[in-house]
Structure formats: C-alpha cells, structure tokens
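What follows is a set of notes on a single structure, which appears directly below.
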Amino acid sequence: MNGDDKMNYQILTNYITFVGQSDAKINKFENQIPLDKGVSFNSYLIKDKKTLLLDTVDQIVMPAFLKSLKAALGERKLDYLVCLHVEPDHAYGISQVLNLYPETTLIVNPLTKRIFNQFNESNFDDRMLVVKDLEIIDLGVNKIHFFTAPMVHWPEVMFAYLDKEKVLFTADAFGHFNALEDQLYSNLENYLEMKDSMRWYYANIVYKYGANVQAILKKISNLEIDQIMPLHGFMHKDQEIIKKILALYQTWSTYGFEEKGLVLNYFSMYGNTEKLALKIANLLKDRNIKVLLYDLSKKDVTEALTDIAKYSHLLVMTPNYNASMSFPIRNLMEHLKLFGFQNRDVGLVINSSWGGLAEKELIEYLDNMPDMRLIAKPFNIKSSFKESDFDKLVEFIDEIENSILK
Ligand code: FEO
C-alpha cells in the first residue's frame, strides 16, 4: 500500500482498519538517518460503537491519508482521535483531521497537550480529552486502555490496548523502517530483513532509553497480546514473531548483545590505518571470528551503531589528526555516548606520526560510558604498521580472540 492517489485501506480485524501511508522515496528519517527503502506512517481506525483513530501521518502523505480515512469511515462520524506520539511524523495531520471532523474529540495526556500546543498554531484545548496512565475509554464492545510509555521515544508517548481484540498499539516501539506495500504483516519469510531494519530503528532512535523500555515491557507484561500494531512498518500477529521481537527488545533495552563478533570501525587518512584494519580483520576471520568492517569515511555512522547494538565487541581505529582523534571517529564516539551505548568490550588502535591525544581522548570517552571495557592495552603504530611488529599484533589479536571466546 502506498501513498499515491489511491483511496486504499486494509481491514485488519473485526474492528481495526489500516489507513496508514508509506513514503517509499524519503531518503532520510528525521532528516538525519539515511533510508534506502522508505518508511511507513501507520494509522489505525477502530470502528466499534464509537469510532476512534490512532494517530495521523507525516505531512508528505497527508492527502492520500485523508482519502483513505474518509473511505474507511464511510458514513460514520469520527468520535475520537488519539495522539499516542506527538512527533510530527505521526501528529502532523491532527489539526487537519480535527478541522475536517468538527465532532471529533482528541485524546491526549497532559504532556501531549503541552507539546502539541508548542508545535501548533491552532488551539484545540476545548476539544481535548486528557487521559492518565491506565485510563480506560469504552468504545462499545471494546474498551481501550492507555499506558504511558515515557521516552519510548518522546516523553509523552502512550501505548494503547484494545481489550476484546487483544491488540496492543505501541507507538514507535516494535516499529521499523521500510515502506509497506500490500503486505502489512510480518511473517517468517520477511522476519530477518525486518529484524535488521527494526534494530536500525531501535539503535538510532530508542537505544538511549533502555530503562524506559524496561518499564513499559513490565507494564504490559500481563496483557494477552494477539497482535502488535506499531506506528512504522509491519504489524505483528504471528505469535512466534511476537515472542522474538519482545525478546529483542528485552536484549536491546538491557544493553545485551545478540551475537558474539567484532564491529571494526576505522578512519584512515592515507590508507595506512586501513591496511592495518584489513589485516586485523583477516587475522580474526582466520580464527573464525565474525568481523564487521566500517570505514567511517564512507559508511554512515548509523549503520555502525546498528551493528554495535547487535554484536558483543568493537574495535576503534584512528589516526591522530591535529593532535586529536579524527572527526569520523569522534563522531562515532559522540554517537555512542549520546545514544547511551554501554556494556561492550572495546579495543583501540591508534596511529600517530608525532604524537597526539587520540588514545587519551578515546579512553576518556569509554570511561564516561557505563561498562565499556578495554579488551587490551591500546595498540599503537607510528605512521604505518611494520612487519617487525607482527608478534605484538598477534598478542593484541590473541587478547581480542580470548575476550570474544570467553
Ligand atoms: Fe515515528 Fe518518534 O516518531
């Protein structure tokens, strides 16, 4: 399903219709995370005795969304619009929907109300119904239950649970990048690609807020969940997949890793640091250790972060530049710090021609992140690696291997 000029929607359950839209052409999410397969902005219409719409969509797909909503509603009026998350990729259309449907009440929590009013010129205060954590609204056959989920990934976020249908609406959580076509549900065939995309989303959007993710996982732990419906990407109804994605969220939110392996991040000015990076990667691969190579002059840092969230170890290699670490490596370290990365084993390789503070600065970064453990004494080279230092390099590789195998 896409956001072209179609009036399309898809009926998902007895009461829920999908009226979301995709933008297959968007090349950056939040204008900073590169996308190669677009993204979907999901929206769900519940048609019970009362009608209720969960979230709107991004600006770019609004015209198609309004057509879909109108077609899916038919002759019904829209009783409620819920804002689970006020970030503009979901809340952009709220004003338009409220203007189009003057009888609709907007369901928010106190923080949603405040942030919504900051983003919007129009004032809909007199049309807002403010709910609290665990509040329930009766729709006729189903009741809808609200759960605040602060910082997953903004402070006002809520989950909602439609009780007879046993469907949990999770805002950004359990979502992933990639535009949707006709297939709206995850399945065992698309699972692996979806998992990578879900990790990319989580590592770059939600990773910092592990404790908050833990809190909402605990809050929903007693719910019977037949389906999960997030605001991006596939819906989930295969119970095996639901179990797997809940387990992934458990791992990610406690800063665990999925697999043993080394994410080797490097930047090279003249090719000498790169030559050593490739040598280290080959030596480790010869020992059957999985190595993911990231030349940060070419790859976007968000890709490296996604693999760092997946694997147990990382290696950071930089030349000194202006007596400091290189910009791409500083960018990586800033992202790791800002996104709350922790609990990893880390190796450092420094190249210097006449000194510099790169090693000291890298160690300071690690010291300021929880449980970032140095695997071994940093390995230093002067301008280029010399075969006469091969034995020392093998010792360094031994320490990495021992750390990975332990
Ligand atoms: Fe999809 Fe946090 O917005």
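Just so you know, ligand 1 is whichever comes first in the structure, and atom 1 is the first atom listed for that ligand.
Each of Asp295, Leu296, Asn265 was evaluated against Pro328; a single residue qualifies, Leu296, per the side-chain contact (heavy atoms from CB on, under 4.5 Å) test.
Taking the N/O/S atoms of His153 in turn, the shortest distance to atom 2 (Fe) of ligand 1 belongs to ND1. In terms of distance to atom 2 (Fe) of ligand 1, the nearest N, O or S atom of Asp172 is named OD2. Shortest distance from atom 2 (Fe) of ligand 1 to Glu87 is reached at OE1 (N/O/S atoms only). Minimum-distance N/O/S atom of Asp89 relative to atom 1 (Fe) of ligand 1: OD2.
No more than 12 heavy-atom neighbours from other residues, nucleotides or ligands sit within 6.0 angstrom of OH on Tyr321. Summarising the local packing, CD of Gln118 is surrounded by more than 12 heavy atoms from other residues, nucleotides or ligands at distances under 6.0 Å.
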Would His335 and Phe341 satisfy ring pair (Phe, Tyr, Trp, His ring centres under 6.0 Å), going step by step from the backbone distance to the final call? CA-CA 8 Å; His335 274 80; Phe341 275 77; 9.5 Å; no
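Among the atoms of His85, none of the N, O or S atoms falls under 2.8 Å from atom 1 (Fe) of ligand 1. Atom 1 (Fe) of ligand 1 has an N, O or S atom of His232 closer than 2.8 Å.
Of the N and O atoms on the side chains of Asn272 and Ser384, not one donor lies less than 3.5 Å from an acceptor on the other residue.
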